[in-house]
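The residues of the chain are indexed from 1 along the displayed sequence.
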Amino acid sequence: MKKLNKSWSFAMASLLIAVPALGACTDGPESSDKERRTLRIGMVYGSKDNESYVRQQMTDMFEVDNGNIDVEFVYGIDYNDMRFATEEERKNQNVDPQAKIRELMEGDNPPDVVMTDIVSMKKLASENLLKPLDDYIKRDKLNLDDFLPAVIDTLKAQGDGQIYGLSPTFSSSALFYNKKLFADAKIAPPTDGMTWNELFALAQSLKSGKDKDAVYGFAFNNYGGGVSFYDAQNAYGGPSKLRIFDAAGEKMTVHTKAWADAWAKPIQLYKDKVIPHQEDMQSTASMASSDGSFAYNPYQGNGFMNGKIAMVVGSYYMVNDLISYNNNVSKMKDAKALDWDVVTVPRAEGGDANGVYLTNLASINAKSANPDDAWAFIKHLNSEDVAKFKARSQGELSVRQKFIKPKDGANYHIEAFTNVKPYSGEQSEADQKLYLERPNLNLISELGGYLFQEAADGKKTIDEALAEWDRKGNELLQKIKQNPKGDLSAELQEYRDAAQSGMKNMLRAAAGEVIVN
C-alpha cells in the first residue's frame with residue numbers, strides 16, 4: 001500500500017505545481033459564440049483556500065483568452081472537510097480518492113475537465129468515464145510528433161491505444177554520478193541501460209578510504225544515507241513484481257529465495273559501507289571547516305555534493321540544486337565545484353527501469369455538458385506557447401521535445417530523463433480494492449520495514465528476518481481480516497520501540513559516543 005499512498009500523495013502535490021500563467025494564443029470555442037458559459041474543473045483534492053494559486057497557475061490566462069467562459073473548481077475531497085472533521089469522522093476518513101472523483105464525475109452537475117494522474121486516468125478510462133481525445137486531436141491537427149515519445153506511448157498504453165488525457169509536463173529520475181571520482185579511480189563511469197546488479201558491482205569498485213576520507217559508491221538518495229525496505233523493494237525488488245501476500249490477502253509470500261535475493265545485495269553493500277550509513281552523512285553534516293572554524297553550508301549532509309558519494313538516484317529537481325551549488329561554490333568554505341553527469345536509472349534483470357510520471361493530466365468527463373469547452377482548455381494547457389514557458393519549471397520537464405534541453409547552459413546527458421519506457425502503473429485493480437477495504441494491510445509493509453532494518457543492522461540474518469515477517473505477517477493478516485479498519489497499532493509496538501532505540505543509538509554514535517549493547 002505504500003506505493004499507492006505515494007502515488008496519491010504525489011498526485012496531490014503535483015496538481016498544485018506550476019502550469020505557467022501566460023496568455024497562450026490558442027484556438028478556443030467558436031469566437032462568434034458569446035454565450036456566457038461555465039467550465040467546471042474537477043480535482044481529486046483541493047479547497048477554496050488555495051484556489052487563487054491554482055487559478056493563477058492553471059486557468060487565469062485561459063479565461064483572459066476566452067472572456068465568455070467562467071472557470072469553476074470542484075473537489076472530490078475538500079481539504080477543509082479533512083481539517084475540521086470531528087474525532088469520529090477522522091476515524092472513518094480512509095476514503096478512496098478514486099471513488100470520490102468518480103462520485104463527482106457522475107453527479108447531477110458533473111465537472112467537464114478532470115485533473116488526475118496516470119494511474120487514475122487508466123482506471124477512469126476503463127470504466128468509460130472519460131472521453132477519448134483522439135478525434136479532437138485529429139480535428140484540430142494537434143501535432144503529437146513534437147511530444148516526447150515515452151509520454152505518448154505511456155498515455156496510449158494506459159488507454160488501450162487511445163489518448164484520454166494530456167499533460168504539459170512529466171517527471172522522471174536519473175542516476176547522477178561524480179565524474180572526478182571515476183576519473184581518479186580510473187574506472188569507466190556508468191552508462192544508460194545498466195542493470196541494478198551492474199550498478200552494485202560498479203559501486204563496490206568505487207568504495208575507498210574510511211572515516212572523513214571515505215568515498216561511498218552509491219546511495220539511494222541525497223541526504224541521510226542508509227538503505228530501507230522501500231529502497232530495496234521499489235528500486236530493486238519492485239520491478240520483479242514480488243508479492244508480499246496472496247491476492248486474497250490471507251497468506252504471506254515473502255519467505256522465498258526471490259525475496260532473499262532482492263534484499264541480499266543492498267544489505268551487503270550497506271554492511272560493507274559501499275552505501276553510507278546515516279551516521280556517516282550526519283558526521284559529514286556536522287564537520288567543521290579545515291581550519292577548525294564553522295561555516296554554514298546549505299548542502300551540508302548532502303553526500304553527493306560533498307564529493308563523498310560516487311552515484312545517487314535523483315529526480316530532475318536535483319539538476320537545479322547542482323547548478324545552484326556550482327554557481328555558489330566560492331561562497332561556501334572548503335566546498336569544491338562538482339563535475340557531474342547523469343545516465344538512466346538502472347533496470348531490473350530482464351526488465352525495464354522506471355518510466356515517466358504524469359501527474360497533471362487533464363481529461364474530459366464522459367458526462368461533460370461542455371466537452372468542446374473542455375477540449376479548448378486542454379488544448380490551451382498543452383499548447384506550444386504554454387510549453388515554452390513551462391520549460392522553465394524547476395522540477396519537471398516539458399512534454400514537447402523542442403523545449404527539452406539542459407538548464408542554464410549546463411552540459412549534461414539530459415536524454416537520461418527522456419530515454420525511458422512507458423510507465424505501466426503500480427498496483428492491480430484487485431490489489432487497490434483490497435487495500436481500500438482493509439487499510440490495516442499497511443501494517444504488513446511497516447512490519448517488513450522494521451525486519452529489513454534488523455537484517456541490515458546485523459541483528460538478524462536475512463532468512464531469519466523473512467521467516468519472522470512470514471510468521472508474524474500471517475498472524476496479522478488474520479487479525480486484519482477480522483478487523484480491517486480498527487486500531488491494531490499495538491501489534492507492532494515492540495518493533496516500533498526497537499526501531500526508536502536504534503535511531504537514538506545512531507544519533508549518539510554520530511556524535512562520537514561509544515555505544516555498548
Side-chain angles (χ1 to χ4, degrees), residues 10 13-14 16-22 53 56-57 168-184 189-190 215-216 218-225 276 278 280-290 293-345 356-357 359-360 387-398 403-418:
F10 189 54
S14 297
L16 303 181
I17 290 175
V19 175
L22 64 133
Y53 176 76
Q56 180 188 39
Q57 301 301 314
T169 59
F170 74 96
S171 61
S172 64
S173 296
L175 179 71
F176 291 76
Y177 68 95
N178 185 319
K179 295 168 71 175
K180 184 178 184 300
L181 290 179
F182 279 88
D184 289 347
V215 170
Y216 306 94
F218 170 73
F220 284 101
N221 56 74
N222 289 347
Y223 289 89
Q278 289 180 330
D280 297 322
M281 292 299 95
Q282 292 210 358
S283 176
T284 299
S286 61
M287 250 192 285
S289 299
S290 57
S293 63
F294 175 81
Y296 174 70
N297 180 338
Y299 298 103
Q300 61 189 23
N302 186 315
F304 185 79
M305 291 189 186
N306 290 332
K308 308 295 289 182
I309 299 174
M311 298 178 288
V312 66
V313 173
S315 70
Y316 183 67
Y317 193 87
M318 186 173 165
V319 170
N320 303 284
D321 279 340
L322 285 164
I323 291 173
S324 176
Y325 176 89
N326 279 344
N327 286 342
N328 294 282
V329 70
S330 63
K331 303 172 186 175
M332 297 177 285
K333 197 163 187 177
D334 292 341
K336 296 178 181 178
L338 278 171
D339 189 10
W340 60 275
D341 210 334
V342 287
V343 295
T344 55
V345 170
V356 299
Y357 297 90
T359 53
N360 289 313
K388 179 173 63 178
F389 286 86
K390 186 55 183 169
R392 300 171 179 170
S393 170
Q394 295 295 298
E396 295 188 303
L397 288 153
S398 169
F403 299 117
I404 300 175
K405 59 185 66 175
K407 295 178 69 69
D408 301 335
N411 182 25
Y412 55 92
H413 179 50
I414 196 169
E415 291 80 8
F417 295 99
T418 62

Legend entry - Working for side chain to side chain contact (heavy atoms under 4.5 Å, CB included), residues M318 and V342: CA-CA 11 Å; M318 186 173 165; V342 287; over 6 Å; no
Legend entry - Verdict with reasoning, K308 to D280, per side chain to side chain contact (heavy atoms under 4.5 Å, CB included): CA-CA 10 Å; K308 308 295 289 182; D280 297 322; over 6 Å; no
Inset, instruction - Check step by step if side chain to side chain contact (heavy atoms under 4.5 Å, CB included) holds for L397 and I414. - result: CA-CA 10 Å; L397 288 153; I414 196 169; 4.1 Å; yes
Legend entry - From CA spacing to verdict: side chain to side chain contact (heavy atoms under 4.5 Å, CB included), Y317, S171: CA-CA 9 Å; Y317 193 87; S171 61; over 6 Å; no
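When side chains are defined from C-beta on, V312 does not count as touching Y216, because their heavy atoms never get closer than 4.5 Å. You'll find the side chain of S324 reaches within 4.5 Å of the side chain of N328, heavy atoms only.
Here the shortest heavy-atom pairing between S315 and S173 reads CA-OG, 4.0 Å. Across all their heavy atoms, A337 and N326 have their closest contact at CA-OD1, 3.4 Å. In terms of heavy-atom proximity, L175 sits nearest to F218 at CD1-CE1, 3.9 Å. The heavy-atom pair separating P298 from M332 by the smallest distance is CD-SD, 3.8 Å. The minimum heavy-atom distance linking M311 with P190 is given by the pair SD-CG, 3.9 Å.
Between Y412 and F417, the ring planes are perpendicular. Angles over 60° get that label, and only those under 30° would be called parallel.
Atom CD in E396 sits 10.0 Å away from atom OG in S172 (nearest 0.5 Å).
For F304, the ring-ring contact (aromatic ring centres under 6.0 Å, His included) criterion is met by no residue, not counting sequence neighbours. Among residues two or more places apart in sequence or in another chain, the ring-ring contact (aromatic ring centres under 6.0 Å, His included) test is passed with F170 by none. Residues satisfying the ring-ring contact (aromatic ring centres under 6.0 Å, His included) criterion with F403, sequence neighbours excluded, are absent altogether.
Side-chain atoms of Y325 come within 3.5 Å of backbone N or O of M305 as a donor-acceptor pair. Judged by distance alone, with hydrogens and angles left aside, the side-chain atoms of D341 form a donor-acceptor pair with the main-chain N or O of H413 at under 3.5 Å. Judged by distance alone, the side chain of T418 and the main-chain N or O of E415 form a donor-acceptor pair under 3.5 Å. Side-chain atoms of N178 come within 3.5 Å of backbone atoms of K180 as a donor-acceptor pair (strictly under, hydrogens ignored).
Summarising the local packing, NZ of K407 is surrounded by more than 12 heavy atoms from other residues, nucleotides or ligands at distances under 6.0 Å.
For the pairing with F176, the side chain to side chain contact (heavy atoms under 4.5 Å, CB included) check across I309, L322, L338, V313 returns one residue only, L322.
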